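First the structure, in the form of structure tokens, and then the observations on it.
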Amino acid sequence: MNKYCEQWDLNPLKLPQHIGIVMDGNGRWATKKHLPRIAGHRKGVERVQEITEFCGNIGIQALTLFAFSDENWRRPEEEVGGIMGLLRWYIRKEHARIKENNVQFRVIGDRRKLSVDIIELIENLEHDTRFNTGMHLCIALSYGARGEILRAVRKLVEKVNQKEIYPNDIDENIFEECLDTQGLPQLDMFIRTSGEIRVSNFLLWQLAYAELFFSESLWPDFDTKKLVDLIQQFTLRERRFGMTSEQIKKINQKSF
Ligand code: FPP
């Protein structure tokens, strides 16, 4: 039994394989404390470090964090610059730790809009962790799910034009291989903090069978204990994938 699961009273056999989090509420957290918005993002990065370490420890296979959306480029220049500065700082500071902790790092999104030095930091970390076998840490940066789906469609059209595949070959598996998240386990659990009940263009394809959770906490207040509470709720949900409750019970009995 994993000692962290034991410590937090989590059933390791019922954990979500892949958790996606919309880390919302940094700005409101700072405003409530009469601080500049960037102070909220700074505190948000501390939570990223805490939650990532915890997920790795309990054996989550993939964690995808929404750090910066395609739409976030419209924010004031000063805030965009501040968030990019934090990202730079985070990747530089965490590079060695991520690598040594056997984490596989990946950035999803349209990275062409990022500055050259940030792209280089990302590519170096992706390269240095490509043979790691532990948790996938996936950061959604300059990311929008509709854009991701369009990129996948373009890749497929190109494959058809090159006669690598026929249109009739295209099934869900082939489509998923063209998404930024290719190779990651199915998304089981979606969390959005800050009380907003929206998906906001995050992992739209991948959300098909995910369990949705909305926390009232602002992201800088979202600590390990709050995540554990939600994971415990996740373990109690019955996931039927279109089947009946009776069928699911039979399948579960067989697997024990
Ligand atoms: C949403 O809060 C948060 C963001 C747009 C940025 C999130 C960025 C970080 C946590 C830091 C960088 C991440 C990593 C992985 C190092 P908001 O600003 O929309 O808050 P509000 O809705 O209260 O205004």
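Worth saying up front: this structure is predicted, and the values here are computed from it rather than measured.
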query = Which distance, rounded to the nearest 0.5 Å, do you find between the OG of Ser215 and the CG of Leu227?
reply = 9.5 Å
query = What's the verdict on side chain to side chain contact (heavy atoms under 4.5 Å, CB included) for Ile139 and Ile108, showing C-alpha distance, side-chain angles and the deciding distance?
reply = CA-CA 6 Å; Ile139 306 289; Ile108 59 171; over 6 Å; no
Check ion pair Glu94-Lys99 (N to O, under 4.0 angstrom) = no
request  = Could you tell me whether a side-chain N or O of Ser142 sits under 3.5 Å from a main-chain N or O of Asp110, the two making a donor and an acceptor?
outcome  = yes
message = More than 12 heavy atoms of other residues, nucleotides or ligands under 6.0 Å from CD of Glu164: yes or no?
response = yes
query = Between the side chain of Glu71 and the main-chain N/O of Tyr143, is any donor-acceptor distance below 3.5 Å?
reply = no
inquiry  = With a 3.5 Å distance limit and no angle check, can you tell me whether Asp169 reaches the backbone of Tyr166 through a side-chain donor-acceptor pair?
reply    = yes
query = Would the number of heavy atoms belonging to other residues, nucleotides or ligands and lying under 6.0 Å from CZ of Arg130 be above 12?
reply = yes
Non-hydrogen atoms of Ala210 and Arg239 that approach each other most closely = CA-NH2, 4.2 Å
query = Is any side-chain heavy atom of Met23 less than 4.5 Å from a side-chain heavy atom of Phe222?
reply = no
Distance in Å, Ser200 OG paired with Phe66 CZ, rounded so as to fall on 0.5 Å steps = 7.5 Å
task = To the nearest 0.5 Å, tell me how far Leu87 CG sits from Leu121 CG.
result = 10.0 Å
ask   = Please walk me through it: do Arg88 and Asp117 pass salt bridge (charged side-chain N to carboxylate O under 4.0 Å, His left out)?
value = CA-CA 8 Å; Arg88 235 180 233 114; Asp117 70 309; 2.6 Å; yes
query = So Thr133 and Asn102, side chain to side chain contact (heavy atoms under 4.5 Å, CB included) or not? Walk me through it.
reply = CA-CA 6 Å; Thr133 54; Asn102 199 24; 2.9 Å; yes
request  = I would like to know whether Glu79 and His41 meet side chain to side chain donor-acceptor pair (under 3.5 Å); could you show each step before the answer?
outcome  = CA-CA 9 Å; Glu79 183 168 340; His41 297 312; 2.9 Å; yes
task = Determine yes or no for a side-chain-to-main-chain donor-acceptor pair under 3.5 angstrom, with Trp219 supplying the side chain and Asp24 the backbone.
result = no
task = Kindly check if the number of other-residue, nucleotide or ligand heavy atoms within 6.0 Å of NZ (Lys32) is above 12?
result = no
task = For Arg97 and Glu53, run salt bridge (charged side-chain N to carboxylate O under 4.0 Å, His left out): C-alpha distance rounded to whole Å, both residues' side-chain angles, the deciding distance at 0.1 Å, then the answer.
result = CA-CA 10 Å; Arg97 203 150 68 116; Glu53 193 175 332; 3.4 Å; yes
Which residues share a salt bridge (Lys or Arg N to Asp or Glu O under 4.0 Å) with Lys3, sequence neighbours left out = none
request  = For residues Val228 and Gln232, determine if any side-chain heavy atom of one lies less than 4.5 Å from a side-chain heavy atom of the other.
outcome  = yes
Pairing of Arg146 and Glu148 as salt bridge, 4.0 angstrom limit = no
request  = Only one of Gln233, Lys225, Lys226 passes side-chain hydrogen bond (donor to acceptor under 3.5 Å, both in side chains) with Asp229; say which it is.
outcome  = Lys225
inquiry  = So, applying side-chain hydrogen bond (donor to acceptor under 3.5 Å, both in side chains) with His95, which one of Asn124, Thr129, Asp128 is it?
reply    = Asp128
query = Ring centres of Tyr209 and Phe241 under 6.0 Å apart?
reply = yes
message = Is there a side chain to side chain contact (heavy atoms under 4.5 Å, CB included) between Leu179 and Phe175? Walk through the geometry before answering.
response = CA-CA 7 Å; Leu179 290 170; Phe175 188 80; 4.0 Å; yes
task = State whether the side chain of Asn72 and the backbone N or O of Ser69 hold a donor-acceptor pair below 3.5 Å, judged by distance alone.
result = yes
ask   = Less than 4.0 Å between a side-chain N and a carboxylate O, is that true for Glu126 and Arg106?
value = no
query = In terms of heavy-atom contacts, does CD of Glu238 have more than 12 from other residues, nucleotides or ligands at under 6.0 Å?
reply = yes
query = Thr224 versus Phe54: any side-chain heavy-atom pair under 4.5 Å?
reply = yes
key: Interatomic spacing from CD1 in Ile91 to CG in Leu141 - rounded to 0.5 Å   = 7.0 Å
inquiry  = Any non-hydrogen side-chain atom of Leu15 less than 4.5 Å from a side-chain atom of Leu10?
reply    = yes
message = If you compare all heavy atoms of Gly40 against all heavy atoms of Ala30, which two are closest, and at what distance to 0.1 Å?
response = N-CB, 3.7 Å
ask   = Is there a donor-acceptor pair under 3.5 Å between the side chain of Asp171 and the backbone N or O of Asn173?
value = yes
query = Just by distance, do the side chain of Gln104 and the backbone of Gly134 share a donor-acceptor pair under 3.5 Å?
reply = yes
inquiry  = What's the separation between atom CD in Gln253 and atom CD1 in Ile251, rounded to the nearest 0.5 Å?
reply    = 10.5 Å
key: Check: Phe213 ring centre within less than 6.0 Å of Phe190 ring centre   = no
note = Between the CZ atom in Arg111 and the CG atom in Asp180, the distance rounded to the nearest 0.5 Å is 8.5 Å
ask   = How about Leu230 and Met189: do any of their side-chain heavy atoms sit closer than 4.5 Å?
value = yes
Stepwise side chain to side chain contact (heavy atoms under 4.5 Å, CB included) test for Asp70 and Asn201 = CA-CA 9 Å; Asp70 244 353; Asn201 206 13; 5.5 Å; no
inquiry  = Looking at Lys43, is its backbone amide N or carbonyl O close enough to the side chain of Asn26 to form a donor-acceptor pair, meaning the two atoms are under 3.5 Å apart?
reply    = no
Any Ile19 side-chain heavy atom under 4.5 Å of Ile191 side chain = yes
ask   = Is there a donor-acceptor pair under 3.5 Å between the side chain of His18 and the backbone N or O of Pro185?
value = yes
message = Could you tell me if the side chain of Val22 sits less than 4.5 Å from the side chain of Thr193, heavy atoms only?
response = no
